[in-house]
Amino acid sequence: LPRPMSILHKICAQRKLDIAEAQQRVPAAQLRRRIETEVSESCDFVAVLRTQRPMGLIAEIKRASPSKGDISIGTNAPAQALKYALAGACAISVLTEPHWFKGSLTDMAQVRAALEAAKLSPGVCVLRKDFIIDEYQLLEARASGADTALLIVAVLPLQQLSHLMKFSRELGMEPLIEVATEAEMATALAAGARVIGINNRNLHTFTVDMGTTGRLAAMVPPNSDVELLALSGVSTRADAIAFEQVGAHAILVGESLMRAPSPEVLVRELLDRTPPQPLCKICGLRDPEAAAAVAIAGADLVGMIFAKSKRQVSEDEARAIISAVRRERPRPDGWSMPRFTPEAAEFVKAGCKGAEAREWLNTWRALISSAAASGGPLVVGVFVDATVDEMNGVAERCDLDLIQLHGQEGWDLTHQLVRPSVRVVHMEAGLSAEAVLAQIRGGDAAAVLLDSKGGGTGKTFDWQIGEAVQQAAPFILAGGLTHENVATAVDQVKPWCVDVSSGVESDGVKDLTKIATFVRCAKASAS
């Protein structure tokens, strides 16, 4: 009797049929034209991996598998990818096999679009993970935004493997070569693989042997420049350490992240990274000297008030303040603020169902934190009931990064602004956490700021309400903060950003000592 087909062979047989059908719909020549005219330049996969030493993480979008069935069918791929990347993943693996793994090329294209909109690509790579047996699939991968693609030695004889590796490189993608046995490792090394992933899962039986990585890693010649990855079965920091000790430079994690209550937390745990510190925003700046001191002190955001106020600045004054900030902390060439296209925003918003505001605001919290780390301090313009044209004009002329709406502006207005926005919720006396949450919407403003009624009063609101709101929707805390109480506020309320103006002033003037102390206390408290 003939031996029954393994799952791997069944999948590959189906992929041959899928390729034939796809070629009828989209000829290879059309894919080549798309690559030449529409697709951004690919990231250098090897270089990215090497920046992650001693251990990088490739996080996977995996809706289902033959061994586990449905894992997370409804996951929104671009929203999940942003969670991964913003938490520290150096690459996003997207399973595109549609029958057993329920993936698609659309998932991958949307992931790439979201990473680019968030200014995370180039920098974070996209891996097409599939059962690739034909040049056409590599064309599909590159045309859909992949930076690298998986080639599985178990289904590719040496000659075919070598050919597909060469073709992938010609497209600008250094492939990830997957092995699971000693013989496959020997084949990969003979073919000249530069990135080898050792799969701890047997693709014929889908059983996992965590010792596979160590056995096969020992076959790589000493002082080799091959990048070694451990694939499958990783769920804890101890797993990551064990693989690092036997020579792995990165791990690929799929199911554990897809099932995690907080993928961001698990990514940080696997990479042994500390939780992020709260950002600090110093608002109400009026002169370049104070602005320079704020930048030196390590503030993440600076705010200038364009509304009628004792702290109001003109556009000329604002430009002088921004120049002073940039002199102290220059931005990298080509830096720009993340901003989703309408299409990319829809992708991310679609992943916010059920906890819409929380998911949306958490995504933007991480985006703003990332932007502040790479190009901060971010510059925020504060407006009160100004027209859209007025706010957009000032933002363009003064090169603001964010627009803060501090009046009674509606949430829908945020879609007409040329910059991401921060929307204030005024904490009136007697306002409950439920009433606050009822005002907060996902998919509109990039951030929400809770401030005492009136703003600039030097008075706090009930932080117990803030605690309850924070558990459901992340926000920026303002109102009555000082260098003396900010540590307590961070410990109790756990905001992702603290905002101060009058609390770091003496006799109405920014006090440079208070500013430095405020920033230090806010960040020391979190650590």
Would you check if the side chain of [X] reaches a backbone N or O of [Y] as a donor-acceptor pair within less than 3.5 Å?
X: Asn485; Y: Gly480; answer: yes
X: Thr96; Y: Arg128; answer: no
X: Asp147; Y: Cys43; answer: yes
X: Arg286; Y: Lys310; answer: yes
X: Glu409; Y: Gly407; answer: yes
X: Arg329; Y: Ala295; answer: yes
X: Glu116; Y: Ser121; answer: no
X: Trp364; Y: Pro420; answer: no
X: Lys523; Y: Pro278; answer: yes
X: Arg142; Y: Leu31; answer: no

Quiz item: Which of these, Ile61, Leu105, Asp130, sits in a side chain to side chain contact (heavy atoms under 4.5 Å, CB included) with Val94?
Solution: Ile61
Quiz item: Looking at Ile368, Val422, Leu279, which hits side chain to side chain contact (heavy atoms under 4.5 Å, CB included) with Cys497?
Solution: Leu279
Side-chain contact, heavy-atom cut-off 4.5 Å: [X] with [Y]?
X: Ile92; Y: Val124; answer: yes
X: Val46; Y: Val195; answer: yes
X: Leu127; Y: Leu252; answer: yes
X: Leu86; Y: Glu264; answer: no
X: Gln464; Y: Gln492; answer: yes
X: Ile476; Y: Leu450; answer: no
X: Leu449; Y: Val425; answer: no
X: Val379; Y: Leu301; answer: no

Practice problem: Apply side-chain contact (heavy atoms from CB on, under 4.5 Å) to the pair Ser262 and Lys83, showing each step before the final yes or no. | Solution: CA-CA 9 Å; Ser262 173; Lys83 293 177 185 178; over 6 Å; no
Quiz item: Would Arg419 and Glu396 satisfy salt bridge (charged side-chain N to carboxylate O under 4.0 Å, His left out), going step by step from the backbone distance to the final call?
Solution: CA-CA 9 Å; Arg419 298 290 190 272; Glu396 295 283 17; 3.5 Å; yes
How far does [atom1] of [X] sit from [atom2] of [Y], to the nearest 0.5 angstrom?
X: Leu402; Y: Ser421; atom1: CG; atom2: OG; result: 8.5 Å
X: Met427; Y: Ile465; atom1: CE; atom2: CD1; result: 5.0 Å
X: Leu57; Y: Leu270; atom1: CG; atom2: CG; result: 6.0 Å
X: Asp451; Y: Leu477; atom1: CG; atom2: CG; result: 8.5 Å
X: Cys521; Y: His483; atom1: SG; atom2: NE2; result: 7.5 Å
X: Glu484; Y: Thr482; atom1: CD; atom2: OG1; result: 5.0 Å

Return the minimal non-hydrogen interatomic distance between [X] and [Y], and the atom names on each side.
X: Asp511; Y: Ser506; answer: OD2-OG, 2.8 Å
X: Ile322; Y: Cys398; answer: CD1-O, 3.1 Å
X: Ala240; Y: Ile251; answer: CB-CD1, 3.8 Å
X: Pro495; Y: Ala489; answer: CD-O, 3.9 Å
X: Val498; Y: Val490; answer: CG1-CG2, 4.0 Å
X: Phe518; Y: Cys280; answer: CE2-SG, 4.4 Å

Quiz item: Which side-chain hydrogen bond (donor to acceptor under 3.5 Å, both in side chains) pairs, counting each pair once, include a residue from residues 48-61, with sequence neighbours left out?
Solution: Arg50-Glu227, Arg53-Glu227, Glu60-Ser93, Glu60-Lys129
Could you tell me whether [X] and [Y] have a side-chain N and a carboxylate O separated by less than 4.0 Å?
X: Glu467; Y: Lys494; value: no
X: Arg319; Y: Glu315; value: yes
X: Arg441; Y: Asp412; value: yes
X: Lys510; Y: Glu289; value: no
X: Asp401; Y: Arg331; value: yes
X: Glu255; Y: Arg259; value: yes
X: Arg311; Y: Glu505; value: yes
X: Glu174; Y: Arg194; value: yes

Quiz item: Please walk me through it: do Tyr84 and Leu120 pass side-chain contact (heavy atoms from CB on, under 4.5 Å)?
Solution: CA-CA 11 Å; Tyr84 290 162; Leu120 297 170; over 6 Å; no
Exercise. Evaluate side-chain contact (heavy atoms from CB on, under 4.5 Å) for Val382 paired with Met304, printing each intermediate quantity in order.
Key: CA-CA 6 Å; Val382 182; Met304 297 174 295; over 6 Å; no
Practice problem: Apply the test side-chain contact (heavy atoms from CB on, under 4.5 Å) to residues Thr75 and Met258: give CA-CA distance (whole Å), side-chain angles for both, the deciding distance (0.1 Å), then the verdict. | Solution: CA-CA 8 Å; Thr75 290; Met258 294 296 288; 3.6 Å; yes
Donor + acceptor pair across side chains of [X], [Y] (<3.5 Å):
X: Glu428; Y: His426; value: no
X: Ser369; Y: Trp496; value: no
X: Gln80; Y: Lys62; value: no

Quiz item: Between Phe306 and Phe383, how do the two ring planes meet: parallel, tilted or perpendicular, split at 30° and 60°?
Solution: parallel
Exercise. Carefully, step by step, assess Asp107 and Arg63 under the rule salt bridge (charged side-chain N to carboxylate O under 4.0 Å, His left out).
Key: CA-CA 11 Å; Asp107 279 346; Arg63 299 183 183 280; 2.9 Å; yes
Quiz item: Could you go step by step and tell me if Asp316 and Arg397 meet the salt bridge (charged side-chain N to carboxylate O under 4.0 Å, His left out) rule?
Solution: CA-CA 10 Å; Asp316 286 341; Arg397 291 188 295 272; over 6 Å; no
